[in-house]
2 protein chains.
Amino acid sequence: MSRTLNNQATVDEQLADRVRVAAAELGYRRNGIARSLRLQRADVWALIISDIANPFFTAIARGLEDLAQRQGFSVVLCNSDEDPAKEANYLEVAEREQVSGVVLSPNRIGSDISPLTRLGVPVVAVDRPLRAPVDTVLVRSAAGAQEATEHLLDVGWRRPACITGPESAQTAIQRLAGYRRGLLARKRRPAASLVRHADYRADRAALATAELLDGRNPPDSFFVANSEMALGVLQELRSRGLTVGEDVGLVAFDNAPWTAFTDRPLSVVDQPAYEMGVLAGNLLLSRLGVPLSDRPAPRVRRLRTELIVRESSLHG
Amino acid sequence: MSRTLNNQATVDEQLADRVRVAAAELGYRRNGIARSLRLQRADVWALIISDIANPFFTAIARGLEDLAQRQGFSVVLCNSDEDPAKEANYLEVAEREQVSGVVLSPNRIGSDISPLTRLGVPVVAVDRPLRAPVDTVLVRSAAGAQEATEHLLDVGWRRPACITGPESAQTAIQRLAGYRRGLLARKRRPAASLVRHADYRADRAALATAELLDGRNPPDSFFVANSEMALGVLQELRSRGLTVGEDVGLVAFDNAPWTAFTDRPLSVVDQPAYEMGVLAGNLLLSRLGVPLSDRPAPRVRRLRTELIVRESSLHG
DNA sequence: TTACCGGGAGAAATCGATTTCTCTCAACGT
DNA sequence: ACGTTGAGAGAAATCGATTTCTCCCGGTAA
């Protein structure tokens with residue numbers, strides 16, 4: 001039976017046919033659980049992302065899933081919701097269910113994945129680094145931020161501010177660093193008074209914008225570290241009657257679908273999220289059939305962003 | 001061992017302690033696969049949604065997951081991507097892995113879930129009905145559309161158009177029907193020339209908008225059946241120099257995060273997506289421990305929408 | 001004192017697909 | 001004609017947790 005259904009060469013074709021016919025007639029369905037138990041693995045990957053409502057992560061999910069599907073794997077999507085406890089729970093679920101691979105956007109750099117690595121389950125970190133030595137897919141956030149900042153300066157804005165994420169987030173740190181480098185590359189001196197850490201949410205970004213604009217030496221433009229915060233910035237600017245791409249310059253991270261449709265369309269730093277998902281899947285694949293001892297050293301891949309200039313960064 | 005770890009009453013506490021200590025020392029981790037094989041079920045629910053990039057569905061996912069987590073279940077999220085083949089594949093995966101329940105937003109009313117129901121795995125349909133007799137969570141789309149249309153008329157718009165989804169989508173049909181009822185309720189005669197079926201995507205909605213505006217008797221306002229199409233409408237209006245909430249009225253389905261931040265903020269029909277997820281989970285729960293024969297007849301729950309009036313529907 | 005009852009724990013069966021083992025039969029070479 | 005080889009297929013072992021079966025022993029009642 002097993003030999004027939006898995007198309008082993010040693011089975012007489014005539015008998016195999018009879019088996020298949022009988023199986024079809026009886027409505028036989030193979031039990032994936034029993035199969036996994038015997039094979040010590042499931043044809044399932046887990047993708048544990050930190051925010052299912054963030055289009056950036058859902059794009060990663062699509063990339064990973066399209067690849068997985070082509071390779072005969074299914075993807076279990078889990079939402080850790082930026083909550084370390086939930087993340088730990090899902091890592092445990094992944095371990096218990098013996099998925100064959102895990103892609104994770106870790107909440108903290110120190111997230112504990114040892115139960116998985118101990119069992120030889122390959123783990124790939126995406127978007128954020130992990131202290132543990134695993135394959136990692138990152139974005140050249142700093143370079144993207146630098147390019148965005150230089151762009152603002154190049155089109156004529158003189159005092160770009162930076163609204164970045166929480167200090168606990170690697171991506172926020174990188175984007176701030178890139179902003180600073182952009183200023184330096186254009187012979188401007190970075191000023192701490194032009195930098196605000198928000199929490200990647202719209203509300204706090206709106207507050208930060210207000211603060212900046214009410215400061216002694218207000219900025220004339222903004223580099224914003226993600227698209228949700230850009231919404232907050234836009235709101236605050238509008239409430240003051242300021243138009244982006246005219247009175248104020250704006251570039252934000254993330255090429256969310258709606259960014260092309262706001263008034264004015266947003267200039268954005270596009271992260272190759274879909275490709276990140278595909279790449280993470282390929283890294284997983286490259287370790288799947290391979291015994292622990294033969295596995296290559298962990299690799300870190302850094303993908304380039306692309307600056308998409310629309311209208312919000314135009315200089316009036 | 002099993003008795004200890006599952007806290008059976010019949011185990012001597014002292015022995016149980018020794019077992020637990022030993023288990024901890026050896027780094028014992030229970031094999032969820034073997035457990036599922038024996039118990040003939042996994043503590044996993046599958047949620048098969050049709051578009052992971054749609055905030056409406058991710059909100060359903062959050063609701064379902066929060067409930068599941070409280071009940072000790074994990075949620076496997078699968079993305080059918082409006083593709084019947086993918087949907088069928090994931091239904092099969094769910095069957096093979098013997099998940100204990102499935103929540104599905106079916107691509108077609110005729111989607112075949114018989115393999116699951118035959119095994120006694122409860123299925124709940126969300127957002128869209130299924131011909132098969134299962135618990136279903138729907139939105140009172142028609143009522144929401146009617147309310148939105150009446151609102152447009154009540155604030156002074158005289159010729160609202162309707163841009164709805166494809167004719168194959170139940171939700172699109174419902175929303176169109178609601179639009180018609182709204183007109184009739186205010187003594188207006190629905191005109192086919194003011195109705196367009198787009199495909200729930202921005203591009204086609206932009207085209208439809210252009211068509212309507214270029215018609216002989218153009219509309220002065222729009223009821224749009226989802227938020228992504230609203231993006232397309234906004235784009236087309238802006239390219240013609242028309243401002244919503246001033247020159248043109250607009251109400252759209254879906255309270256997406258960005259709708260509050262566009263210029264002007266969009267008046268929307270808010271669907272209780274999170275609650276739908278919770279409700280679907282509760283329907284699943286109510287059937288889980290119950291033998292097939294004792295199960296209640298399938299129930300259909302219809303949730304109310306809420307009209308959120310912002311500025312895009314204001315009459316100039 | 002003997003018979004019975006019941007708690008507790010070790011041993012064995014169970015779940016279903018896969019893999020390994022073993023046996024049969026036929027073909028081939030010497 | 002006999003021994004060897006190998007293909008093919010049925011039987012049995014395997015994966016690991018749970019559940020059932022069995023047995024032992026202490027306590028209680030007759």
Side-chain angles (χ1 to χ4, degrees), chain A residues 1-44 46 72-74 89 91-101 115-116 118-121 288-289 291-292, chain B residues 1-44 46 72-74 89 91-101 115-116 118-121 288-289 291-292:
Chain A
M1 172 65 128
S2 166
R3 283 183 286 246
T4 302
L5 264 49
N6 291 299
N7 295 314
Q8 301 266 353
T10 65
V11 182
D12 184 77
E13 195 47 41
Q14 202 173 324
L15 174 67
D17 272 346
R18 277 202 301 138
V19 172
R20 272 189 281 267
V21 168
E25 273 180 7
L26 281 125
Y28 169 85
R29 323 232 104 210
R30 115 152 99 216
N31 183 320
I33 303 245
R35 185 169 206 262
S36 300
L37 176 62
R38 188 62 184 82
L39 297 179
Q40 299 290 300
R41 66 187 159 75
D43 287 344
V44 173
F73 290 89
S74 307
N89 170 55
L91 284 168
E92 204 174 306
V93 170
E95 181 205 349
R96 274 212 317 269
E97 299 297 323
Q98 307 199 204
V99 301
S100 28
L116 288 166
R118 187 144 34 82
L119 286 173
V121 177
L288 274 183
L292 234 64
Chain B
M1 172 65 129
S2 167
R3 282 183 285 245
T4 302
L5 265 48
N6 291 300
N7 296 315
Q8 301 266 353
T10 65
V11 183
D12 183 76
E13 197 47 43
Q14 203 173 323
L15 173 68
D17 271 345
R18 279 202 300 137
V19 171
R20 270 188 283 265
V21 168
E25 272 179 9
L26 283 137
Y28 169 85
R29 324 230 102 211
R30 109 153 105 218
N31 183 320
I33 303 248
R35 186 169 207 264
S36 300
L37 176 61
R38 187 63 183 83
L39 297 178
Q40 300 289 299
R41 64 185 163 77
D43 286 344
V44 174
F73 291 90
S74 307
N89 172 54
L91 284 168
E92 204 174 305
V93 170
E95 181 205 350
R96 274 212 317 270
E97 300 296 325
Q98 305 198 208
V99 301
S100 29
L116 288 166
R118 187 144 32 83
L119 288 173
V121 177
L288 275 182
L292 234 64

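Within every chain, numbering begins at 1; the chains are lettered A, B, ... in the order of the sequence lines, protein sequences first and strands thereafter.
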Exercise. Heavy atoms, side chains only, cut-off 4.5 Å: are A:Leu288 and A:Phe73 in contact?
Worked result: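 With C-beta onward as the side chain, the pair touches.
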Exercise. In Å, rounded to the nearest 0.5 Å, how long is the span from CG of B:Leu37 to OG of A:Ser36?
Worked result: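 That separation rounds to 9.5 Å.
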Exercise. In Å, rounded to the nearest 0.5 Å, how long is the span from CD of B:Gln40 to OG of B:Ser100?
Worked result: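 If I round to the nearest 0.5 Å, the distance is 12.5 Å.
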Problem set entry | Whole-Å gap separating P (D:dA17) and CG (B:Leu26) |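 Checked: the CG to P distance equals 12 Å.
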Exercise. To the nearest Å, how far apart are A:Arg29 CZ and C:dA17 C1'?
Worked result: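 The distance from CZ of A:Arg29 to C1' of C:dA17 comes to 16 Å, rounded to the nearest Å.
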Exercise. Under the salt bridge (charged side-chain N to carboxylate O under 4.0 Å, His left out) test, which residues partner A:Arg38, sequence neighbours left out?
Worked result: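 By the salt bridge (charged side-chain N to carboxylate O under 4.0 Å, His left out) rule, A:Arg38 matches no residue at all.
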Exercise. Using a heavy-atom distance cut-off of less than 4.0 Å, which residues of residues 33-41 of chain A contact DNA chain C?
Worked result: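 Contacting residues: A:Ala34, A:Arg35, A:Leu37, A:Arg38, A:Leu39.
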Identify all side-chain donor-acceptor contacts of residues 25-33 of chain A below 3.5 Å with residues at least two apart in sequence or on another chain.
unit_1  : atom_1 : unit_2  : atom_2 : d
A:Arg29 : NH1    : B:Glu95 : OE1    : 2.8
A:Asn31 : OD1    : A:Ile33 : N      : 2.8
A:Asn31 : OD1    : A:Ala34 : N      : 3.0
A:Asn31 : ND2    : B:Gln98 : OE1    : 2.5

Exercise. Between A:Tyr28 and C:dA17, is there a side-chain N or O to OP1/OP2 distance below 4.0 Å?
Worked result: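 Yes, such a contact exists.
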